[in-house]
Amino acid sequence: MHEEIHHPCVQHKLSLIRDINTGHKKFRELATEITMFVCYEALKEVRVEDVTVQTPVAEAKCRKIVEDIVVVPILRAGVGMLEGILDLVPTARVGFLGMYRDEVTAQPVAYYQKLPPQTATALNIIIDPMLATGGSTAAAIDVLKEAGAKKIVVVCIVTCPEGLQAVETAHPDVKIYTASIDDRLNENKYIVPGLGDAGDRLFGTR
Ligand code: PRP
Ligand code: URA
């Protein structure tokens, strides 16, 4: 299951973040802003409870989020989405999964793991700007499920049909939210047209 966010503000920001002339400062700002739009959608099904609030005029029936939210960035590029989601849900707990894609095999290599304890009802939100072959995301979901996670969603910025199919086949219970489903992977397993190497563009490492 997946959902592509078609909002014009997201599409406008995608046109900027994809641009080869966008430097790392602006790239980081755009990653934060796009993350907020996509996460806003992903959070629409969180659990809320009814509360009554006293306004200066009268009592108002309101709702407050009661979901236990765990945000899990996949290092390193996922860190570029952390500020955006924490602006929306400042009380979320945060776990980190270190994973890089082997440059030859394109297979994910796990190198770090620090997750908060799972609760039976926690909603885990994996964040990573790029879901390409889907290997890193699927491996991250494996790790979370082994740690006891029951509810998992994925938020990315750009993906492609091959990656969606791979993750959805391995984990049909996990919904993926994205700002864009691009055309395809190229021979180097990069998303086309994509935005290049998200980690390098976020952190100015190339
Ligand atoms: C990128 C990206 C994803 C992964 C996507 O990370 O941030 O984690 O590749 O590719 P996949 O869907 O084919 O697994 P990268 O390996 O470049 O590491 P980095 O974030 O440390 O730069
Ligand atoms: N990782 C990236 O950063 N970009 C891609 O297009 C594929 C994997």
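Just follow the structure's listing: the first ligand is 1, and inside any ligand the first atom is 1. Each residue takes its place number in the sequence, starting with 1.
- Of the protein's heavy atoms, G196 O, 2.8 Å lies nearest to atom 4 (N) of ligand 2.
- For CD of Q54, the number of neighbouring non-hydrogen atoms (other residues, nucleotides, ligands) closer than 6.0 Å is greater than 12.
- Checking only distances, M130 never comes within under 3.5 Å of ligand 2, N or O to N or O.
- Residue-to-ligand polar distances place A77 within reach of ligand 1: an N/O pair is separated by less than 3.5 Å.
- If you check which protein heavy atom lies closest to atom 6 (O) of ligand 2, you get I191 N, 2.9 Å.
- What sits closest to atom 22 (O) of ligand 1 on the protein, heavy atoms only, is R76 NH2, 3.0 Å.
- More than 12 non-hydrogen atoms from other residues, nucleotides or ligands lie less than 6.0 angstrom from CD of Q113.
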Residue pair K151, E45: steps toward the salt bridge (Lys or Arg N to Asp or Glu O under 4.0 Å) verdict: CA-CA 12 Å; K151 281 195 292 179; E45 282 162 37; over 6 Å; no
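- Checked against a 3.5 angstrom limit, the closest N/O atoms of A132 and ligand 2 fall outside it.
- Using 4.0 Å as the threshold, R101 has a heavy atom nearer than that to some atom of ligand 2.
- Each of the following atoms of ligand 2 lies closer than 4.0 Å to a heavy atom of K189: 7 (C).
- Below 3.5 Å of separation, one finds no N or O of T137 facing any N or O of ligand 1.
- Side-chain contact, R18 with S180: a donor N or O sits under 3.5 Å from an acceptor N or O.
- With respect to K26 and D19, no salt bridge is recorded, no charged nitrogen being found less than 4.0 Å from a carboxylate O.
- Of the protein's heavy atoms, at least one falls inside 4.0 Å of atom 4 (C) of ligand 1.
- By the 6.0 Å contact criterion, CD on Q11 is enclosed, its count of non-hydrogen atoms from other residues, nucleotides or ligands being greater than 12.
- Contact atoms of ligand 1 toward G134: 11 (P), 12 (O), 13 (O) (distance under 4.0 Å to a heavy atom of the residue).
- Contact annotation: for D128 versus ligand 1, heavy atoms closer than 4.0 Å belong to the side chain alone.
- Scanning the protein for heavy atoms near atom 15 (P) of ligand 1, the closest one is R101 N, 4.1 Å.
- Under a 3.5 Å cut-off, the side chain of R201 and the backbone N or O of I17 do form a donor-acceptor pair.
- The backbone N or O of E67 lies less than 3.5 Å from no partner atom in the side chain of R47, so there is not a single donor-acceptor pair.
- Not one N or O on the side chain of T137 forms a donor-acceptor pair closer than 3.5 Å with the backbone of G134.
- Residues D68 and R93 are paired through a salt bridge, judged by an N-O separation under 4.0 Å between the basic side chain and the carboxylate.
- For G199, no nitrogen or oxygen atom sits less than 3.5 Å from a nitrogen or oxygen atom of ligand 2, counting backbone and side chain alike.
- The local environment of CZ in F96 is crowded, with over 12 non-hydrogen atoms from other residues, nucleotides or ligands closer than 6.0 Å.
- Here is the list of ligand 1 atoms found below 4.0 Å of a heavy atom in S136: 4 (C), 8 (O), 11 (P), 14 (O).
- The nearest heavy-atom contact from the protein to atom 3 (O) of ligand 2 is A198 N, 2.8 Å.
- Annotation: atom 17 (O) of ligand 1 to nearest protein heavy atom, D197 OD2, 4.0 Å.
- The protein non-hydrogen atom at the shortest distance from atom 13 (O) of ligand 1 is T133 OG1, 2.6 Å.
- Polar contact with ligand 1: absent for Y100 (N/O pair, distance under 3.5 Å).
- The A132 neighbourhood of ligand 1 comprises atoms 10 (O), 11 (P), 12 (O), 13 (O), with distances under 4.0 Å to a heavy atom of that residue.
- In this structure, the side chain of T32 does not engage the main chain of E83 through any donor-acceptor pair within 3.5 Å.
- Taken from NZ in K189 to CE in M130, the straight-line distance is 15.0 Å, to the nearest 0.5 Å.
- Among protein heavy atoms, the minimum distance from atom 5 (C) of ligand 2 is reached at Y190 CD2, 3.5 Å.
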